[in-house]
Undergrad: 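What follows is a single structure, and I will ask about it in a moment.
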Amino acid sequence: MEIGIVGLPNVGKSTLFNALTGASAASENFPFTTIEPNVGIVPLPDIRLGELVKRNNSQKEVPAGIRFVDIAGLVKGASAGEGLGNKFLSNIRSCEAIAHVVRCFEDDDVVNVMGALDPDGAAEIIETELMIADMQQIEKTIDRLRKIAKTGDKEAQAKLPHLETALKGLEEGKSVRTLGIPEDIVQEYQFLSGKPILYVANIDENNSAPEAIEKLKARAKREGAEIVVLCAKMEAEIVQLPEEDRSDYYEAADIDKPGLHTLAEAGCRLLKLVCFFTSGEKETRAWLIPEGTKAPRAAGKIHTDIERGFIRAETYTYDDLIKHESESALRSEGLMRLEGKEYVMQDGDVVHFRFSV
């Protein structure tokens with residue numbers, strides 16, 4: 001699952017992406033040996049991972065990560081083919097969510113395409129382009145489905161009211177995500193304005209424009225969206241430092257938590273992901289899966305053969321392990337469970353999958 005990074009020119013999107021790709025490279029045990037040029041992966045910090053490593057004497061610790069895709073080319077008029085136009089739209093359609101980088105800093109050396117600092121106006125440009133593209137798509141789809149519905153096709157008849165509702169809302173300036181359209185319809189047609197959105201307020205090191213952040217926070221609140229405030233320039237510089245030097249840098253800047261960690265955590269919530277663990281002497285690894293995932297599909301995250309030959313999952317919770325200190329104690333207390341194919345994985349599950357191929 002991927003989050004597409006969008007933004008107007010000169011908002012710091014490329015700088016943020018450099019920080020993301022630096023974070024990917026900085027984690028030597030990260031479970032991706034090849035990363036596409038336009039994909040940055042932020043390891044997700046999780047104290048549970050380190051505790052499992054200690055308790056199981058694991059040789060290797062492998063974090064989960066959130067994938068961010070650099071979506072280039074958005075300018076006003078993208079829905080009409082301006083800039084990279086259709087390429088931008090097709091790239092973002094394949095992402096599950098949007099991270100919208102908005103300029104919240106003053107800098108005379110970096111041209112502001114808005115003229116003045118206007119975070120709400122900048123956000124509105126991108127949202128408008130997404131909504132126009134959705135309107136164009138829906139109008140064509142409705143015309144096609146109406147013809148099919150006249151033949152008595154039940155599926156077309158069922159979809160039409162939802163698409164007509166979406167079109168009416170878009171014409172009134174409302175994004176698809178605010179209209180209560182069924183999730184299966186939103187997913188099927190990959191509506192751009194239906195994707196969950198996270199705002200990234202890019203500030204400078206001195207936070208010279210706090211009023212801009214407040215305006216963006218107000219917009220996020222109106223939309224029920226999350227917002228992360230960070231300095232992309234500083235984050236990109238810090239990830240180039242040796243790991244042992246980074247905490248001193250953050251401390252000197254009076255920052256409690258790295259902005260990229262906050263971004264990864266927000267991305268995890270945005271995508272509605274939960275984390276389970278596999279842990280043994282060889283390695284302890286964290287895995288991210290969508291909420292509601294059943295055990296066989298979670299096993300497939302590790303390897304398709306495990307999903308195909310799934311028998312059952314030997315499972316316990318991280319909290320129970322911390323309370324009782326060892327797997328043997330969990331067994332004696334009856335807290336080591338055997339779960340079948342219908343088991344829905346929970347955040348904090350520690351699992352050993354049994355399978356036969």
Side-chain angles (χ1 to χ4, degrees), residues 1-3 23-24 26-35 39 41-67 96 243 261 264-357:
M1 301 181 76
E2 296 177 334
I3 300 176
S24 301
S27 182
E28 61 179 85
N29 287 336
F30 206 73
F32 300 93
T33 54
T34 301
I35 299 174
V39 178
I41 305 174
V42 184
L44 189 67
D46 195 321
I47 60 172
R48 298 175 296 183
L49 193 65
E51 285 294 325
L52 287 169
V53 167
K54 287 192 293 185
R55 290 171 189 272
N56 290 316
N57 295 314
S58 303
Q59 299 171 20
K60 190 176 180 182
E61 176 180 332
V62 186
I66 301 294
R67 295 172 65 94
E96 283 73 25
E243 190 167 354
H261 288 182
E265 290 168 352
C268 193
R269 292 191 298 271
L270 189 68
L271 294 173
K272 297 181 180 179
L273 303 178
V274 296
C275 182
F276 75 90
F277 304 92
T278 52
S279 185
E281 289 186 8
K282 185 177 179 180
E283 72 170 27
T284 292
R285 183 179 295 219
W287 305 87
L288 292 175
I289 53 174
E291 289 178 359
T293 299
K294 293 183 179 180
R297 180 60 62 89
K301 178 83 173 180
I302 301 171
H303 199 287
T304 54
D305 282 350
I306 305 178
E307 179 178 5
R308 184 162 55 90
F310 179 89
I311 299 173
R312 54 185 173 271
E314 188 175 40
T315 310
Y316 61 87
T317 69
Y318 170 83
D319 289 341
D320 282 343
L321 178 66
I322 296 302
K323 182 178 179 180
H324 297 277
E325 297 191 347
S326 69
E327 290 188 6
S328 59
L330 292 178
R331 286 191 175 88
S332 65
E333 293 289 332
L335 295 172
M336 188 78 74
R337 314 183 314 273
L338 290 178
E339 303 288 0
K341 292 182 177 180
E342 295 303 309
Y343 176 68
V344 176
M345 300 290 292
Q346 302 297 309
D347 188 73
D349 279 347
V350 185
V351 189
H352 174 70
F353 292 109
R354 298 183 181 182
F355 68 103
S356 177
V357 177

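Excluded from the calculations below are hydrogen atoms, water molecules and symmetry mates; all remaining heavy atoms, backbone and side chain alike, are included.
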Undergrad: Sequence neighbours excluded, which residues qualify as side-chain hydrogen bond (donor to acceptor under 3.5 Å, both in side chains) partners of T317?
TA: D320
Undergrad: Among R331, H352, E327, H324, which residue satisfies the side-chain hydrogen bond (donor to acceptor under 3.5 Å, both in side chains) criterion with Y316?
TA: E327
Undergrad: So, using side-chain hydrogen bond (donor to acceptor under 3.5 Å, both in side chains) as the criterion, who are the partners of T293 when residues are at least two apart?
TA: none
Undergrad: Sequence neighbours left out, what passes salt bridge (charged side-chain N to carboxylate O under 4.0 Å, His left out) with E281? Give chain and number order.
TA: none
Undergrad: Anything under 3.5 Å between a donor and an acceptor, one on a side chain of residues 41-51, the other on a protein residue two or more places apart or in another chain? List them.
TA:
from, atom 1, to, atom 2, distance (Å)
D46, OD1, R48, N, 2.9
D46, OD1, R48, NE, 2.9
D46, OD2, R48, NE, 3.3
D46, OD2, R48, NH2, 2.8
R48, NH1, D347, OD2, 2.9
E51, OE2, K54, NZ, 3.3

Undergrad: Look at the rings of F276 and F353 and say which category their plane angle falls in: under 30° parallel, 30 to 60° tilted, over 60° perpendicular.
TA: perpendicular
Undergrad: Should I66 and L273 be marked as a side chain to side chain contact (heavy atoms under 4.5 Å, CB included) after you check the CA-CA gap, both sets of side-chain angles, and the distance that decides it?
TA: CA-CA 10 Å; I66 301 294; L273 303 178; 4.0 Å; yes
Undergrad: Under 3.5 Å, which donor-acceptor pairs do the side chains of residues 306-314 form with other protein atoms, sequence neighbours left out?
TA:
from, atom 1, to, atom 2, distance (Å)
E307, OE2, R297, NE, 3.3
R308, NH2, D305, OD1, 2.9
E314, OE2, R354, NH2, 3.4

Undergrad: State which residues pass salt bridge (charged side-chain N to carboxylate O under 4.0 Å, His left out) with E96; sequence neighbours excluded, sorted by chain then number.
TA: none
Undergrad: Please name all residues satisfying salt bridge (charged side-chain N to carboxylate O under 4.0 Å, His left out) with E325, sequence neighbours left out, ordered by chain then number.
TA: none
Undergrad: What residues form a side-chain hydrogen bond (donor to acceptor under 3.5 Å, both in side chains) with S332, not counting sequence neighbours?
TA: none
Undergrad: Who are the side-chain hydrogen bond (donor to acceptor under 3.5 Å, both in side chains) partners of R337, not counting sequence neighbours?
TA: E339, Y343
Undergrad: Please walk me through it: do K294 and E342 pass side chain to side chain contact (heavy atoms under 4.5 Å, CB included)?
TA: CA-CA 6 Å; K294 293 183 179 180; E342 295 303 309; 2.5 Å; yes
Undergrad: Determine whether a donor-acceptor pair (N or O, by modelled atom type, separation under 3.5 Å) exists between the side chain of Q346 and the backbone of V344.
TA: yes
